[in-house]
Amino acid sequence: MATLLKTKKVYFGGKELVLRLDGKTIVQIENKLNKNLIGLFVDNGKMTFPKTGEMLLILQAANTTHGIKESDMFDLLDIYLEDGNSTTDLMTTIQELLEESGFFGKEKTEEENQDGGLVLLEEVEEMEETSTLLD
């Protein structure tokens, strides 16, 4: 049974965009960019900034509000920047969208580990060190 994915409302260039990244949209974006979405922020192991065009493509592709075409995104960007926003603000919005869409996975809390969740590798190594000290 399919679950309804979260949406993220963003005000961009005077328009309200309702963004949602589902599997189909992610694949379409990656095919257009010719790289995975993590590649926007990491290149050869170093943090990098995505190109403005890449961020606009993600916003437009993830947008569920009808009537906003890819060609509209340039004018909306101009308004967004004129309103005092920056491309760094836009990058933060893209990161939040990816995070809220579950793209980076869910962070594990201590409670989850104590309640029978997965044990992290570091915890296993610590348990082995303690065990050998007691022997």
Side-chain angles (χ1 to χ4, degrees):
M1 181 174 172
T3 58
L4 190 59
L5 295 173
K6 285 184 181 181
T7 59
K8 177 176 181 58
K9 288 185 181 179
V10 173
Y11 294 93
F12 181 71
K15 301 278 185 181
E16 181 182 75
L17 305 180
V18 180
L19 308 175
R20 181 176 53 235
L21 280 177
D22 57 13
K24 180 180 178 182
T25 304
I26 291 169
V27 170
Q28 287 174 339
I29 292 168
E30 290 179 341
N31 285 339
K32 280 189 174 185
L33 295 176
N34 200 27
K35 62 180 158 184
N36 67 42
L37 292 177
I38 295 292
L40 294 170
F41 301 101
V42 179
D43 185 27
N44 291 325
K46 295 183 181 180
M47 294 299 293
T48 185
F49 288 96
K51 295 177 183 178
T52 302
E54 293 172 333
M55 293 188 288
L56 292 178
L57 187 139
I58 292 169
L59 286 181
Q60 198 277 327
N63 180 39
T64 62
T65 306
H66 296 288
I68 299 177
K69 297 176 267 183
E70 192 172 342
S71 60
D72 297 331
M73 297 304 287
F74 305 111
D75 292 332
L76 295 178
L77 175 64
D78 290 340
I79 295 166
Y80 181 78
L81 296 173
E82 287 171 5
D83 286 344
N85 298 294
S86 69
T87 54
T88 305
D89 297 328
L90 186 55
M91 184 185 73
T92 301
T93 298
I94 298 296
Q95 286 176 317
E96 290 171 356
L97 172 64
L98 293 173
E99 186 176 303
E100 290 175 16
S101 297
F103 196 82
F104 298 121
K106 180 182 166 192
E107 285 190 30
K108 294 175 183 67
T109 62
E110 279 189 41
E111 290 101 26
E112 288 176 299
N113 288 335
Q114 291 172 353
D115 291 336
L118 294 175
V119 176
L120 302 176
L121 183 57
E122 295 94 23
E123 293 173 356
V124 172
E125 290 172 355
E126 287 174 15
M127 288 169 32
E128 288 174 354
E129 286 175 14
T130 305
S131 174
T132 56
L133 292 175
L134 296 176
D135 293 335

| remark: For residues 67-86, the ring pair (Phe, Tyr, Trp, His ring centres under 6.0 Å) pairs (sequence neighbours left out) are F12-Y80
Sequence neighbours excluded and cut-off under 3.5 Å, please list the side-chain donor-acceptor pairs for residues 61-69, or say none.
unit_1, atom_1, unit_2, atom_2, d
N63, OD1, V18, N, 3.3
N63, OD1, T65, N, 3.0
N63, OD1, T65, OG1, 3.2
N63, ND2, T65, O, 3.0
T64, OG1, V18, O, 2.8
T65, OG1, E16, O, 3.4
T65, OG1, V18, N, 3.3

Considering residues at least two apart in sequence or located in another chain, which fulfil the side chain to side chain donor-acceptor pair (under 3.5 Å) criterion with [X]?
X	answer
D83	none
S71	none
D72	none

| field | Side-chain heavy-atom pair L59, L90 within 4.5 angstrom cut-off | value | yes
| task | With the side chain counted from C-beta on, respond yes when V27 and N31 share a heavy-atom pair under 4.5 Å apart, and no when they do not. | result | yes
| query | Just by distance, do the side chain of N36 and the backbone of G39 share a donor-acceptor pair under 3.5 Å? | reply | yes
| Main-chain N/O of L21 paired to T25 side chain as donor or acceptor, under 3.5 Å | no
Which value, rounded to the nearest 0.5 Å, describes the distance between [X] atom [atom1] and [Y] atom [atom2]?
X	Y	atom1	atom2	answer
N85	L77	CG	CG	10.0 Å
L40	E30	CG	CD	9.0 Å
T52	M73	OG1	CE	11.5 Å
K8	E100	NZ	CD	4.0 Å
L57	Q28	CG	CD	10.0 Å
M91	E96	CE	CD	10.5 Å

What about [X] and [Y], same hydrophobic cluster or not, with Ile/Leu/Val/Met/Phe/Trp/Tyr joined at side-chain heavy-atom distances under 4.5 Å?
X	Y	result
M55	Y11	no
I38	L98	yes
F49	L33	yes

| said: Using the rule given for side-chain contact (heavy atoms from CB on, under 4.5 Å), can you reason through M47 versus V42, listing the C-alpha separation, both sets of side-chain angles and the distance that settles it, and then say yes or no? | reply: CA-CA 5 Å; M47 294 299 293; V42 179; 4.1 Å; yes
| Does a donor on one side chain and an acceptor on the other come within less than 3.5 Å for T92 and D89? | no
| message | Suppose we screen for salt bridge (charged side-chain N to carboxylate O under 4.0 Å, His left out). Which residues come up paired with K35, at least two apart in sequence or across chains? | response | E54
